2 protein chains.
Amino acid sequence: MPARTKKRRLASDSRGPFEYRHARPALTVDCVVFGLDAEDLKLLLIQRDRAPHAAKWALPGGFVEVGERLETAALRELEEETSVNNIFLEQLYTFGEPARDPREHVVSVAYYALVKLSDHRIRASTDARDAAWVPVARARGLAFDHDRIVLTALARLKGKLRYQPIGFELLPRKFTLTQLQQLYETVLARKLDKRNFRRKILSMGLLVELDETQRDVAHRAARLYRFDRRKYQQLNRAGFNFEI
Amino acid sequence: MPARTKKRRLASDSRGPFEYRHARPALTVDCVVFGLDAEDLKLLLIQRDRAPHAAKWALPGGFVEVGERLETAALRELEEETSVNNIFLEQLYTFGEPARDPREHVVSVAYYALVKLSDHRIRASTDARDAAWVPVARARGLAFDHDRIVLTALARLKGKLRYQPIGFELLPRKFTLTQLQQLYETVLARKLDKRNFRRKILSMGLLVELDETQRDVAHRAARLYRFDRRKYQQLNRAGFNFEI
DNA sequence: TCAAAAGTGTTAACCATACACCCATGC
DNA sequence: GCATGGGTGTATGGTTAACACTTTTGA
């Protein structure tokens with residue numbers, strides 16, 4: 001990965017101290033990583049190993065290096081701290097309250113990410129750093145202002161899910177309509193009508209019906225579908241608007 | 001204004017140089033300020049008086065001071081450079097491409113603002129710095145990556161206008177339904193049906209019909225309305241969703 | 001009296017919602 | 001054969017969209 005090479009070079013150039021005419025806030029990135037499993041919506045958190053907020057759970061994140069893109073910094077920190085990579089990532093909001101870090105003024109550009117838990121379940125929890133998937137409902141009392149960042153990310157996810165086909169980023173490549181519906185019900189926190197949901201999502205023509213069904217289930221096996229990203233991009237250019 | 005006092009104190013404390021163990025990008029704020037007049041949607045720009053990009057038009061903005069809130073920094077720079085104050089301001093996006101400023105890595109938190117041009121028309125253009133209201137369509141070739149920031153702000157404005165009652169921030173306190181409709185037509189860049197528009201906006205019950213009509217117009221004078229912010233907040237809490 | 005914009009209703013098409021039963025499968 | 005979730009259609013009410021003429025006012 002070229003970005004990686006670039007980063008390495010920049011990092012090794014960084015022999016401090018560095019002097020500036022004016023004081024500068026520190027700049028970090030933090031990532032709110034969402035994953036979904038059969039039970040609920042989860043967040044990827046790491047346990048802090050030093051002050052401030054030692055032993056508290058926190059969002060993965062870290063300092064932006066000079067010469068590094070913000071998104072690159074977010075992906076780098078995620079990879080370093082949780083081994084999560086190859087994911088949907090989007091900028092969320094920038095948090096800059098002077099008191100949000102007790103040490104000094106630290107401005108943090110927050111990103112949110114959606115990952116297919118089926119792909120990432122094991123790697124994150126076996127990493128050296130203490131990383132874990134925590135149900136969103138139980139992710140309270142985080143370090144710094146991370147509770148607030150999580151709430152902002154949740155609101156964004158809820159808002160965005162209805163107007164952009166981002167839910168598929170949380171599901172395995174092949175999924176059933178019930179899984180998709182449950183995803184919407186979980187994130188939006190309300191029940192949806194099965195028949196209406198199916199009619200609507202299928203009428204958009206963005207799902208490809210596969211010649212495959214579920215396996216090892218103790219009931220009628222459901223049909224599997226996949227999201228047709230190419231078709232979506234095509235329709236999108238033609239002015240189509242996704243909406244559930 | 002307390003924020004002002006605070007800023008002054010911080011600024012006078014800032015006797016460099018300042019040393020850090022790791023290199024830090026510089027941190028700035030930039031403001032995309034929209035104003036509307038009878039002709040079109042305008043942007044508040046300032047002409048740069050020094051390199052890089054000397055003489056080019058740019059967004060008002062500047063460095064964030066340590067200990068200063070981001071929003072406070074944005075308001076301060078706006079006030080200093082263009083005398084614009086007391087406005088709707090919201091964070092837009094953070095731009096951090098390492099090459100966006102040729103001097104060094106400068107990360108900029110962009111804000112967008114909506115002002116009532118009727119209130120601010122004169123002050124901005126008579127200020128010492130060369131500030132001017134430029135039609136959005138003619139605001140190209142700006143300094144740094146400001147073209148891109150403007151495009152991002154425009155997209156946000158378009159998207160937000162339909163779901164939040166922010167258009168009123170661009171109009172005088174008393175306005176006609178035709179003015180309101182033209183605002184929507186200008187920003188969304190499409191024609192709307194007069195009867196449907198009126199029915200819809202009035203049916204929300206957020207406009208107060210005043211006992212007043214236009215003056216000095218060479219045709220039938222239109223009724224004036226004002227936006228009932230209190231009513232909106234009330235409805236909003238009850239789960240009401242604004243939508244045009 | 002003319003020009004300019006204000007103001008006003010109805011209809012048809014479409015879309016969202018509510019709702020209940022039979023089917024396939026594994027145990 | 002029973003428990004479990006899969007899969008399917010219709011009717012109703014509400015919302016959107018298309019459409020044109022009369023009124024008021026000042027110049």
Side-chain angles (χ1 to χ4, degrees), chain A residues 36-40 161-163 171-172 174-186 188-226 235 239-244, chain B residues 36-40 161-163 165 171-172 174-186 188-226 235 238-244:
Chain A
L36 186 82
D37 66 13
E39 290 84 47
D40 43 23
L161 194 64
R162 302 201 45 206
Y163 304 107
L171 292 179
K174 301 173 182 178
F175 52 84
T176 69
L177 294 182
T178 299
Q179 282 179 301
L180 185 60
Q181 182 177 341
Q182 284 171 348
L183 152 61
Y184 275 87
E185 291 180 339
T186 301
L188 302 179
R190 65 190 172 91
K191 285 278 163 218
L192 299 173
D193 180 88
K194 180 159 65 161
R195 280 172 288 194
N196 294 336
F197 180 83
R198 284 165 183 243
R199 187 183 15 256
K200 184 141 191 187
I201 196 90
L202 289 176
S203 74
M204 289 192 257
L206 293 172
L207 297 190
V208 180
E209 182 175 333
L210 302 173
D211 283 332
E212 221 176 321
T213 54
Q214 281 181 313
R215 300 199 164 227
D216 304 318
V217 286
H219 52 79
R220 174 172 173 179
R223 166 129 277 138
L224 292 172
Y225 294 80
R226 69 172 178 81
L235 284 174
F240 164 84
N241 279 316
F242 181 92
E243 181 176 347
I244 288 283
Chain B
L36 187 83
D37 67 12
E39 290 85 45
D40 45 22
L161 194 63
R162 299 202 44 207
Y163 304 107
L171 292 178
K174 301 172 182 181
F175 52 84
T176 69
L177 294 182
T178 300
Q179 282 179 300
L180 185 61
Q181 181 176 344
Q182 284 171 347
L183 152 62
Y184 275 87
E185 290 180 339
T186 301
L188 302 179
R190 64 187 172 93
K191 284 279 164 215
L192 299 173
D193 180 88
K194 181 159 66 159
R195 280 171 289 191
N196 293 337
F197 180 83
R198 284 167 182 240
R199 186 181 16 254
K200 185 143 192 187
I201 196 88
L202 288 176
S203 75
M204 288 192 260
L206 293 173
L207 297 190
V208 180
E209 182 176 334
L210 302 174
D211 283 333
E212 223 176 320
T213 53
Q214 282 180 309
R215 302 200 164 226
D216 303 319
V217 285
H219 53 78
R220 175 170 173 182
R223 166 132 273 136
L224 292 173
Y225 293 80
R226 69 173 178 80
L235 284 174
F240 165 85
N241 280 314
F242 181 91
E243 182 176 346
I244 288 283

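Since we're looking at a predicted model, the values are computed, not measured. Residue numbers start from 1 in every chain, and the chains themselves are labelled A, B, ... in the order their sequence lines are given, proteins ahead of strands.
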Between the protein and nucleotides 21-26 of chain D, list the N/O to N/O atom pairs that are separated by less than 3.5 angstrom.
{"residue": "D:dT23", "atom": "O2", "partner": "B:R220", "partner atom": "NH1", "Å": "3.2"}

Task: Set of side chain to side chain contact (heavy atoms under 4.5 Å, CB included) partners for B:Y163, sequence neighbours left out - done: B:E243
Open item on the list: Nearest whole Å is fine: how far is D:dG6 C1' from A:N196 CG?
Closed with: 16 Å
Open item on the list: Considering every strand and a 4.0 Å limit on heavy-atom distances, what is the contact class for B:R223: base, sugar-phosphate, or nothing?
Closed with: sugar-phosphate
- [ ] To the nearest 10°, let me know how far the axis at one end of the helix from C:dT1-D:dA27 to C:dC27-D:dG1 is tilted from the axis at the other, five pairs an end.
- [x] 0°
Open item on the list: Using the side chain to side chain contact (heavy atoms under 4.5 Å, CB included) criterion, which residues pair with A:L235? Sequence neighbours excluded.
Closed with: A:L206, A:K231, A:F240
Open item on the list: Heavy atoms only, 4.0 Å cut-off, all strands: where does A:T178 land among base, sugar-phosphate and nothing?
Closed with: sugar-phosphate
- [ ] Please list residues of residues 204-213 of chain B whose heavy atoms come under 4.0 Å from any atom in DNA chain D, ordered by number; otherwise none.
- [x] none
Open item on the list: What's the separation between atom CD1 in B:I201 and atom CZ in B:F242, rounded to the nearest 0.5 Å?
Closed with: 4.5 Å
Between the protein and nucleotides 13-16 of chain D, which nitrogen or oxygen pairs come in under 3.5 angstrom?
{"residue": "D:dT16", "atom": "OP1", "partner": "B:K200", "partner atom": "NZ", "Å": "3.2"}

Task: Atom pair CZ/CD of A:F197 and A:E185 - distance to nearest 0.5 Å - done: 8.0 Å
Open item on the list: Quick check for you: to the nearest 0.5 Å, what is the distance between A:I244 atom CD1 and A:L180 atom CG?
Closed with: 6.5 Å
Open item on the list: Going by side-chain hydrogen bond (donor to acceptor under 3.5 Å, both in side chains), name the residues that satisfy it together with A:E212, two or more places apart in sequence or in a different chain.
Closed with: A:K174
Task: Residues that A:Q179 engages under side-chain hydrogen bond (donor to acceptor under 3.5 Å, both in side chains), provided they are two or more places apart - done: none
- [ ] Take atom CZ of B:F197 and atom C1' of D:dA18, then tell me their distance rounded to the nearest Å.
- [x] 17 Å
Task: Interatomic distance, A:Q181 CD vs D:dT8 P [rounded to whole Å] - done: 14 Å
Open item on the list: Distance under 4.0 Å to a non-hydrogen atom of chain A counts as contact; along DNA chain C, which nucleotides mark the start and end?
Closed with: C:dA16 to C:dG26
What side-chain donor-acceptor pairs closer than 3.5 Å can you find for residues 217-225 of chain B, not counting sequence neighbours?
{"residue": "B:R223", "atom": "NE", "partner": "B:L210", "partner atom": "O", "Å": "3.0"}
{"residue": "B:R223", "atom": "NH1", "partner": "B:E209", "partner atom": "OE2", "Å": "3.4"}

TODO: Can you tell me which residue pairs pass the side-chain hydrogen bond (donor to acceptor under 3.5 Å, both in side chains) test with a partner in residues 192-205 of chain A, sequence neighbours excluded?
DONE: A:T178-A:R198, A:D193-A:N196, A:N196-A:R199
- [ ] With sequence neighbours left out, write down each residue that passes side-chain hydrogen bond (donor to acceptor under 3.5 Å, both in side chains) with B:Q182, or none if nothing qualifies.
- [x] none
Task: CD-CG distance between B:E39 and B:L36, expressed to the nearest 0.5 angstrom - done: 9.5 Å
Open item on the list: What is the distance, to the nearest angstrom, from the CD1 atom on B:I244 to the P atom on D:dA17?
Closed with: 12 Å
TODO: Tell me which of B:Q179 and B:D193 sits closer to the 5' end of DNA chain C, going by the nucleotide each one is nearest to.
DONE: B:Q179
Open item on the list: Distance check needed: D:dC19 P versus B:K191 NZ, whole Å only.
Closed with: 16 Å
Task: Whole-Å gap separating P (D:dG6) and OH (A:Y225) - done: 12 Å
